Novice: 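Take this structure first; my questions come after.
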Amino acid sequence: MKKSENTKISPNASVKAIRAGEQAELFDAYSFSPLEPNPSSKEGEVLKFLRGGKVLTQPMFLKMGGSWRLAAIIFDLITKYRWPITNLEPRSKPAKYKLEAWAHKSLEANHG
């Protein structure tokens with residue numbers, strides 16, 4: 001393909017790209033800073049369980065004294081509290097929720 005003659009690249013564009021690359025190396029790409037729900041709330045109970053490195057399903061949550069609203073609680077933990085929780089098998093029933101492994105490492109590094 002022939003390059004368009006009207007396309008001009010600013011000399012500052014390469015300088016900005018280099019500076020952006022330098023700053024990316026100076027700072028972490030993502031700062032993990034989730035919010036903590038009230039420990040006595042359902043969100044707090046679920047988070048405590050998941051922070052133990054365990055997988056949680058709806059039947060397990062019911063046996064723990066939970067409710068039929070596990071998916072809503074997980075949704076709130078992800079969106080409202082910013083916790084990285086994943087469904088290990090999105091196509092299976094029941095869903096299997098787990099806290100991302102990198103979040104465990106980040107928590108251990110930051111909180112000992």
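Values in this document were obtained by computation on a predicted structure and should not be read as measured data. Below, all heavy atoms of this structure are taken into account, side chains as well, without hydrogens, waters or symmetry copies.
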Novice: Quick one: CG on Leu77 to OG1 on Thr79, what's the gap to the nearest 0.5 Å?
Specialist: 8.5 Å

Novice: Starting at OH of Tyr97, measure out to CD1 of Ile74 and round the result to the nearest 0.5 Å.
Specialist: 6.0 Å

Novice: Give the minimum heavy-atom separation between Ala95 and Asn87, together with the two atoms involved.
Specialist: CB-ND2, 3.4 Å

Novice: Pick from Leu47, Val46, Ile73: which one makes a side chain to side chain contact (heavy atoms under 4.5 Å, CB included) with Pro37?
Specialist: Leu47

Novice: Would you tabulate the side-chain donor-acceptor contacts of residues 55-67 under 3.5 Å, counting partners in other chains and residues two or more places apart, or write 'none'?
Specialist:
unit_1, atom_1, unit_2, atom_2, d
Thr57, OG1, Met60, N, 3.4
Gln58, OE1, Leu70, N, 3.4
Gln58, NE2, Ser67, O, 2.6
Ser67, OG, Arg69, N, 3.1

Novice: Same cluster for Phe75 and Leu35 if Ile/Leu/Val/Met/Phe/Trp/Tyr side chains link at under 4.5 Å?
Specialist: no

Novice: Return the CH2 to CG distance between Trp102 and Leu107, rounded to the nearest 0.5 Å.
Specialist: 9.0 Å

Novice: May I have all residue pairs that pass salt bridge (Lys or Arg N to Asp or Glu O under 4.0 Å) and include part of residues 35-49, sequence neighbours excluded?
Specialist: Glu36-Arg51, Lys42-Glu45

Novice: Can you tell me how far apart CD (Glu100) and NZ (Lys98) are? Round to the nearest 0.5 Å.
Specialist: 10.0 Å

